[in-house]
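One-based numbering along the sequence shown. Both ligands and their constituent atoms are indexed starting at 1 by order of listing.
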Amino acid sequence: MIRVWDPLVRAFHWSLALSFAIAWLSAEGWEDLHDWVGYAAGALVLARVAWGFLGAPYARFAQFVCSPRTVIAYLKAIATASEARFVGHNPAGGAMIVALLIAMAATATTGWMLTLDAFWGSSWAQKLHSLVAHSLLLLVLAHLAGVALASLRHRENLVRAMIFGDKRAPEAGDVALSQEAGPSGS
Ligand code: HEM
Ligand code: HEM
C-alpha cells in the first residue's frame, strides 16, 4: 500500500460532503444553518483550490486535470473496459472534480447573493440558486456512480482510500507518480 491522499484532502472531502448534505437538508426552513454550511462549503472550495497549487503531489491540479481530449479518450476506454488504473484521480475523475468545485462555488455564491439588498426578493436570483444547486446534485450523483464504477473495475475500495489515505501500490499498466516525480507528474 502507498499513501496517496494526504490528511488535508481527506478532511476537505468529508467536510465538503457533509456541508453539502446539511445545506441540502436545511434548505427549506433552517435558514441560518443553511447559510452557514453554505459559506463553509464555499470556504472549503477556496482552501482546496489553494491546496491544488501548493499541496502534496497527488493533490495538485497539475497531477489530475487533463485536456478534454484526454478525458474523452479515457471515457471511451471505460466504454470498452480497457481503461488504465490511476493511483491518483483518473482523467474522468479529474474533470468531475473541477466540475464539482465550480458548481459548489457557484451554488455558494448565488446563495450569498440572496442575502444582498440588491437581490432581495428577486425571483430570478432564487431560481438561479435553485438551478445551480440542482445541477450540483446531479454532479454529485454522477460522482458517486463514477466512484462505484472505478472501485468495481479496479477491485479496490476507493471510499476506504478517501478515509484512510492509502491505496494499492501501482502494478504493471497502472498510472502513478514515480517516487522522484515532481508535482507535474512528468
Ligand atoms: C456529497 C457531496 C460530495 C462532494 C461535493 C464530493 C466531492 C469530491 C471532490 C471535490 C473530490 C476530489 C478530492 C480531492 O482531490 O480533493 C472527491 C473525491 C472522491 N470522493 Fe467525493 N464528494 C462527495 C461525496 C462523496 C461520497 C458520499 C463518497 C463516498 C461514498 C465520495 C467518494 C469519493 C472518493 C472515493 C473520491 C476519490 C476518487 C478517486 O479515487 O479518484 N464522495 N469528491
Ligand atoms: C453550497 C451549498 C449550498 C447548497 C447545496 C444550497 C442549496 C439550496 C437549495 C436546494 C435550496 C432550495 C431551492 C429551491 O427552492 O428549489 C436553497 C435555497 C436557499 N439558499 Fe442555498 N444552498 C447553498 C448555499 C447557500 C448560501 C451560502 C446561502 C446564503 C448565505 C444560501 C441561501 C439560500 C436561501 C436564502 C434560499 C431560499 C431561497 C428561496 O427563498 O427560494 N444558500 N439552497
Among all protein heavy atoms, pick the one closest to [atom] and tell me residue, atom and distance.
| atom | value |
| --- | --- |
| atom 24 (C) of ligand 1 | Ala17 CB, 3.8 Å |
| atom 38 (C) of ligand 1 | His89 ND1, 3.9 Å |
| atom 18 (C) of ligand 2 | His129 CD2, 3.6 Å |
| atom 15 (O) of ligand 2 | Glu28 OE2, 3.8 Å |
| atom 9 (C) of ligand 2 | Ala27 CB, 3.5 Å |
| atom 26 (C) of ligand 2 | Gly111 CA, 3.6 Å |
| atom 3 (C) of ligand 2 | Thr107 CG2, 3.5 Å |
| atom 34 (C) of ligand 1 | Val147 CG2, 3.8 Å |
| atom 36 (C) of ligand 1 | Met162 CE, 3.8 Å |
| atom 40 (O) of ligand 1 | Leu158 CD2, 3.7 Å |

Subset of ligand 2 atoms that lie under 4.0 Å from at least one heavy atom of [X]:
| X | answer |
| --- | --- |
| Ser130 | 13 (C), 14 (C), 16 (O) |
| Gly38 | 2 (C), 24 (C), 27 (C) |
| Trp24 | 10 (C) |
| Leu114 | 33 (C), 34 (C), 35 (C), 36 (C), 38 (C) |
| Asp35 | 27 (C), 28 (C), 29 (C), 30 (C), 31 (C), 32 (C) |

Of the listed options Lys127, His34, His134, closest to atom 33 (C) of ligand 2 (non-hydrogen atoms):
His34

Ignoring hydrogens, just give me the one of Glu31, Met113, Gln126, Met104 whose non-hydrogen atom is nearest atom 39 (C) of ligand 2.
Gln126

Indicate, as side chain, backbone, both or neither, the part of Leu144 found under 4.0 angstrom from ligand 1 when only non-hydrogen atoms are considered.
side chain

Phe12, portion touching ligand 1 at heavy-atom distance under 4.0 Å
side chain

Run the numbers for me: atoms of ligand 1, each under 4.0 Å from some heavy atom of [X], listed by number.
| X | answer |
| --- | --- |
| Leu16 | 5 (C) |
| Val140 | 1 (C), 2 (C) |
| Val159 | 29 (C), 30 (C), 35 (C) |
| Val9 | 14 (C), 15 (O), 16 (O) |
| Phe20 | 1 (C), 2 (C) |
| Arg48 | 14 (C), 15 (O), 16 (O) |
| Leu100 | 7 (C), 8 (C) |

Within one Ile-Leu-Val-Met-Phe-Trp-Tyr cluster: Leu16 and Val37, side-chain cutoff 4.5 Å
no

Is the distance from the ring center of Tyr74 to that of Phe86 below 6.0 Å?
yes

Do Trp24 and His134 have ring centres separated by under 6.0 Å?
yes

[atom1]/[X] to [atom2]/[Y] distance, rounded to the nearest 0.5 angstrom?
| X | Y | atom1 | atom2 | value |
| --- | --- | --- | --- | --- |
| Leu100 | Leu136 | CG | CG | 6.5 Å |
| Ile72 | Cys66 | CD1 | SG | 12.0 Å |
| Met104 | Ile97 | CE | CD1 | 12.5 Å |

For atom 21 (Fe) of ligand 1: the N/O/S atom of His13 at shortest distance:
NE2

Nitrogen or oxygen of Trp5 less than 3.5 angstrom from that of ligand 1:
no

Evaluate Trp14 for polar contact with ligand 1, using N/O atom pairs at a separation under 3.5 Å.
no

Passing option when Tyr58 is tested against His89, Gln63, Lys167, Arg3 for side chain to side chain contact (heavy atoms under 4.5 Å, CB included)
Gln63

Min N/O separation Thr115 to ligand 2 under 3.5 Å:
no

Answer with side chain, backbone, both or neither: which part of Trp112 has a heavy atom less than 4.0 angstrom from an atom of ligand 2?
backbone

